Amino acid sequence: MPKDELKEFLESKVIQYNTVAFIEPDPVSVPHRYSLKEDIEIAGFLSATIAWGNRTMITKNGHRMMDLMGSSPYDFVMNHQEYHLERLEGFVHRTFNSDDFKHFITALKHIYINHEGLEGIFQKYQTEDSLQPAIFELHQAFFEIPHENRSRKHVANPSKGSVSKRLNMYLRWMIRQDNSGVDFGIWNINPSKLSCPLDVHSGNVARKLGLINRKQNDVKALTELDNNLRALDVNDPVKYDFALFGLGIFEGF
């Protein structure tokens, strides 16, 4: 498909799927419960962390995480005492369990106190054209404090070859300026640096459209996809995530 036709096709799918109707059944509905910046950040981070598997169950469990924190995630993170963490006992989403949840609460408090918050890490460690090095630094900061080894797998590490699908989705929520009301755009970071969340569905659609030639969904494939999406829109390349997602999930493209 010629570039102009591809762009027109994808733009039409962005318009179709980047709407408020997208919110309710999606994990992005969890941070949409809130108006305080820090609540949005933490609710988004936690719901993105468990965003694998059945979309309905992800969203349900994301809302349950908020309920377990008294529906005030920032206050819970910053002011909890050790005994407050007991209320998280029994939470599980696939391989993410209550021990992981407890570490995430203490690690987030550490990041807000010592690293100027989640946004602070990404502002400090972003490069001229990428946020992937900052994802590595987030991973480092997250495990500076005592932790169980099992929890490390729940924060992506690009230096180990991860395409960081869930964190790239989270960054889209926080950074992308979205006039349709889905993404929040509350971080002062240029959305041109965002990477597309790459998974089985978006990867398959991207290959059918000629946006990826590489067969594996690895870091090289992510770079290839990013470069091709930025060629279509240098300022807002990750808006096409809505098109790839919609084509894959809803249309079986």
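Quantities reported herein were computed from a predicted structural model and do not represent experimental measurements.
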> Using 4.0 Å as the upper bound for N to carboxylate O, is an ion pair formed by Asp129 and Lys193?
no

> If the plane angle is over 60° it's perpendicular, under 30° parallel, otherwise tilted; pick one for Phe22 and Phe245.
perpendicular

> Under a 4.0 Å N-O cut-off, is there an ion pair linking Asp99 with Arg150?
no

> Is it true that Asp100 and Lys153 make a salt bridge, defined as a side-chain N closer than 4.0 Å to a carboxylate O?
no

> Could you pull out all residues at least two apart from Pro25 that satisfy side-chain contact (heavy atoms from CB on, under 4.5 Å)?
Arg55

> Find the distance between CG (Leu229) and OG (Ser192) and round it off to the nearest 0.5 Å.
13.0 Å

> Can you see whether Ser71 engages Arg33 through a side-chain donor-acceptor pair at a distance of less than 3.5 angstrom?
yes

> Tell me, with the steps shown, if Asp218 and Lys220 meet salt bridge (Lys or Arg N to Asp or Glu O under 4.0 Å).
CA-CA 5 Å; Asp218 57 14; Lys220 290 182 179 179; over 6 Å; no

> Between Phe253 and Phe9, what is the ring plane arrangement, given parallel below 30°, perpendicular above 60°, and tilted in between?
tilted

> Looking at side-chain heavy atoms only, is the closest gap between Cys196 and Leu244 below 4.5 Å?
yes

> Is Ile212 reachable from Phe242 through a run of hydrophobic residues whose side-chain heavy atoms are each under 4.5 Å from the next?
no

> With hydrophobic residues grouped by side-chain heavy-atom distances under 4.5 Å, do Val182 and Phe250 end up in a single group?
yes

> Using the side-chain contact (heavy atoms from CB on, under 4.5 Å) criterion, which residues pair with Glu89? Sequence neighbours excluded.
Ser98, Lys102

> Less than 3.5 Å apart, which donor and acceptor atoms pair up between the side chains of residues 80-88 and the rest of the protein, not counting sequence neighbours?
residue : atom : partner : partner atom : Å
His80   : ND1  : Phe76   : O            : 3.1
His80   : ND1  : Val77   : O            : 2.8
His84   : ND1  : Gln81   : N            : 2.7

> Starting from Met169, can I reach Tyr240 by hopping between I/L/V/M/F/W/Y residues whose side chains sit under 4.5 Å apart?
no

> Over 60° means perpendicular and under 30° means parallel, so tell me whether His103 and Phe143 are parallel, tilted or perpendicular.
parallel

> With a 4.0 Å cut-off on N to O distance, would you call Lys13 and Glu251 a salt bridge?
yes

> Do you know the tightest heavy-atom contact between Val238 and Pro197?
CG1-CD, 4.2 Å

